[in-house]
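Let me begin by presenting the structure, written as structure tokens, before commenting on it.
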Amino acid sequence: MKYVFKNAMILTMNNGDILKSCDVFVENGVISALGSLNTEQLQGAKIIDASGKLMMPGLINGHCHVPMTLLRNYADDMNLQTWLFDHIFPVEERLQGEDIYYGSLLGIMEMIASGTTCFIDMYDHMNELAQAVEESGIRAQLSRGMINTGDGPDFSADARLNETIDFYKRWNGAANGRITGAFAPHAIYTCSPAYINAILEEAQKYGAPIHVHLDETLVEHEDCLKKYGKTPTEHLYDLGVFGQKTVAAHCVWITEEDIKILADNKVTMTHNPSSNLKLASGIAPIPNALKMGVNVALGTDGASSNNNLNMFEEINLAALIHKGVNQDPLLINAMEALKMATVNGATALGMDNLGVIKVGAKADIILIDMDKPHLMPVHNVVSALAYSVQGSDVCLTMVDGEILYDNGEFKTIDREKVSFGIKKCYERLF
Ligand code: NI
């Protein structure tokens with residue numbers, strides 16, 4: 001299918017360029033021309049009138065557990081250790097493939113309706129999660145979260161590690177390349193050094209990237225110092241984890257030295273402001289990390305610690321909280337926050353043809369309806385996106401050149417089937 005967006009105003013995220021009244025030609029899943037198009041290009045293409053709309057690259061959710069939509073508003077107002085060990089893990093034990101499938105579709109609906117076109121996820125029952133990604137048309141990097149139960153040192157029969165390997169072999173590069181895989185040791189407090197070594201050895205064999213939670217709470221930080229005599233970042237660095245391309249979620253308690261390690265090893269840290277605020281984990285030193293050259297992406301985390309998957313809310317928070325806690329209004333400007341949700345997410349995935357509107361880039365595109373009272377007048381597009389736009393202002397979402405969401409309508413997902421499925425899962429689980 002060929003598409004032409006007519007008369008769009010575009011925030012390209014390519015050197016901050018803003019294009020006015022621009023036509024965008026999409027063919028074979030890629031942006032193949034920008035500017036005023038000739039009649040030959042318009043022939044046979046579906047024309048989308050984008051006047052009055054703002055176009056930007058689709059948002060990249062840098063850390064998520066999408067099936068946790070099932071646990072939305074289930075356990076709130078408690079600390080991370082209680083939340084995770086006393087409430088979340090016991091329900092997760094009971095989850096079945098069907099729960100994951102419907103929970104994922106529900107989360108994907110929420111994401112595409114609020115402008116997210118790609119997400120980086122770690123969870124369980126990954127075949128069902130990948131099936132939801134494949135059917136819905138969204139893009140994702142997926143990994144089976146691993147928590148070790150045995151003592152090792154031989155983990156060759158470890159169920160989770162073997163599931164990870166099987167999943168990677170089956171799904172990495174699937175769905176026209178929309179799905180990629182990763183290896184995910186859950187965290188340093190749920191994985192022993194021997195287990196991390198075993199995971200790493202396999203990840204190296206397949207050239208797979210790593211997705212891990214890192215230094216999320218003060219408890220994790222202090223326990224690690226006590227147990228290993230080093231910070232969680234130093235611990236993973238010494239184990240050799242950062243030799244693989246790594247996305248480290250949270251990094252709330254990282255030190256100046258840790259930031260240097262992350263920058264030197266090109267580790268992406270994912271900032272999850274809502275989740276860190278809600279669980280009172282603290283506020284990650286994002287301004288310093290950016291200053292020292294760390295690639296910082298942005299994420300929602302799971303819907304149970306947020307409690308939604310709305311990336312515009314994360315952009316807004318990322319642009320606000322560092323100003324507040326540091327009493328410095330110059331920290332994390334609107335453009336920096338938008339970069340975290342687009343180009344920096346693409347860097348996390350090692351894709352320079354994502355998170356940007358340019359010729360040759362993947363056609364992962366969103367349109368925002370600017371004809372709203374809370375968005376007028378548009379003095380500054382970048383400010384509007386960071387400070388005024390709501391996720392619900394997104395009116396069209398395209399991934400890989402296909403329209404997934406158009407004015408409230410889901411093109412690839414049967415809304416009623418998902419509602420019915422979710423109700424059924426909810427009744428069995430709770
Ligand atoms: Ni997480």
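Source: prediction; values computed, not measured. Only heavy atoms go into these numbers, but all of them, side chains included; no hydrogens, no water, no symmetry mates. First listed ligand is number 1; within each ligand, the first listed atom is number 1.
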Would you check if the Ni ion (ligand 1) lies under 2.8 Å from any N, O or S atom of His63?
-> yes

Just wondering, is there an N, O or S atom on Asp301 that's nearer than 2.8 Å to the Ni ion (ligand 1)?
-> yes

Show me the side-chain donor-acceptor pairs of residues 100-109 shorter than 3.5 Å, one per line, residues at least two apart or across chains.
residue : atom : partner : partner atom : Å
Tyr101  : OH   : Glu135  : OE1          : 2.5
Tyr101  : OH   : Lys417  : NZ           : 3.4
Ser104  : OG   : Ile100  : O            : 2.6

Is His213 close enough to the Ni ion (ligand 1) to have an N, O or S atom under 2.8 Å?
-> yes

For residues His63 and His250, establish whether the separation of their ring centroids is below 6.0 Å.
-> yes

May I ask you to check whether His221 and His235 place their ring centers less than 6.0 Å from one another?
-> no

Kindly state whether the ring of His65 and the ring of His213 have centres lying under 6.0 angstrom apart.
-> yes

